[in-house]
Every structure is written in C-alpha cells, then in structure tokens.
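Each remark here refers to the structure printed beneath this line.
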Amino acid sequence: MIIRSLSTLCNEYGELAKLAQERQEPIFLTRNGEVEMVLATVELWEKREAELDTLFMLLQRERSRFAGAKTSTMGEMESITAEILQGTK
C-alpha cells in the first residue's frame with residue numbers, strides 16, 4: 001500500500017503518476033493523516049471495475065438460485081454448449 005500526503009499530488013504529480021504506473025497499485029492520498037483520495041491508473045481502475053461487475057453478476061445468480069431459479073449440472077451445461085456449437089439447438 002502506497003500512502004502519500006495530498007500536497008504531494010500538487011507538488012510531485014509526475015512522480016506519483018510514474019509510481020502508480022510502475023507498481024500498478026493505488027496510491028492513497030491523505031490530508032491531516034486521514035485518507036481523502038485514491039490515485040490509480042486507468043488500467044487498474046478498469047480491471048477493478050470488471051472484477052466488481054463479475055462479482056455483482058455472481059451475486060445476482062446466487063440470489064436467483066436461492067430464490068428457486070432452475071440450475072444446471074456441469075454435464076447439462078456441457079451438453080447444451082456442445083449442441084449450440086454444433087448448431088443443433
């Protein structure tokens with residue numbers, strides 16, 4: 001975890017941007033010892049957004065399953081996939 005003061009953002013933006021790019025981890029910016037902002041590369045932001053989207057999708061599916069939605073076994077899914085790929089369905 002990288003922690004820097006918020007004033008560092010103003011005074012050393014180039015160095016912070018380079019550090020974030022090299023380490024591929026967020027930099028937590030503080031004011032008076034409290035975290036106020038997070039600086040991250042676009043690539044890291046997009047990766048985390050994709051991970052959150054995937055987790056949200058999994059959560060929705062689990063909720064549906066617990067609510068009684070039909071589920072399939074691995075064998076059923078393999079059969080369905082094979083049929084789709086062969087164009088028979």
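These numbers come from the heavy atoms of this one structure, side chains and all, not from hydrogens, waters or symmetry mates.
- The CG atom of Leu52 sits 9.0 Å away from the CZ atom of Arg48 when rounded to the nearest 0.5 Å.
- Atom CG of Asn11 is surrounded by more than 12 heavy atoms from other residues, nucleotides or ligands within 6.0 Å.
- A salt bridge links Arg65 to Glu62: one of the charged nitrogens lies within less than 4.0 Å of a carboxylate oxygen.
- When side chains are defined from C-beta on, Glu43 counts as touching Gln21, because their heavy atoms get closer than 4.5 Å.
- Between Leu6 atom CG and Thr30 atom OG1 the span is 7.5 Å, to the nearest 0.5 Å.
- When hydrophobic clusters are built by joining Ile, Leu, Val, Met, Phe, Trp and Tyr residues whose side-chain heavy atoms come closer than 4.5 Å, directly or via intermediates, Val38 is not grouped with Tyr13.
- The number of heavy atoms from other shown groups lying within 6.0 Å of CD (Glu51) is above 12.
- To the nearest 0.5 angstrom, Ser5 atom OG is 8.0 Å from Glu12 atom CD.
- Rounded to the nearest 0.5 Å, atoms CG (Leu44) and CG (Leu39) are 10.0 Å apart.
- To the nearest 0.5 Å, the span separating CZ on Arg61 from CE on Met57 amounts to 4.5 Å.
- Atom CG in Leu16 sits 6.5 Å away from atom CG in Leu29 (nearest 0.5 Å).
- Nearest approach of Arg4 to Ile2, heavy atoms of both residues: NH1-CG2, 3.7 Å.
- When hydrophobic clusters are built by joining Ile, Leu, Val, Met, Phe, Trp and Tyr residues whose side-chain heavy atoms come closer than 4.5 Å, directly or via intermediates, Val35 is not grouped with Leu9.
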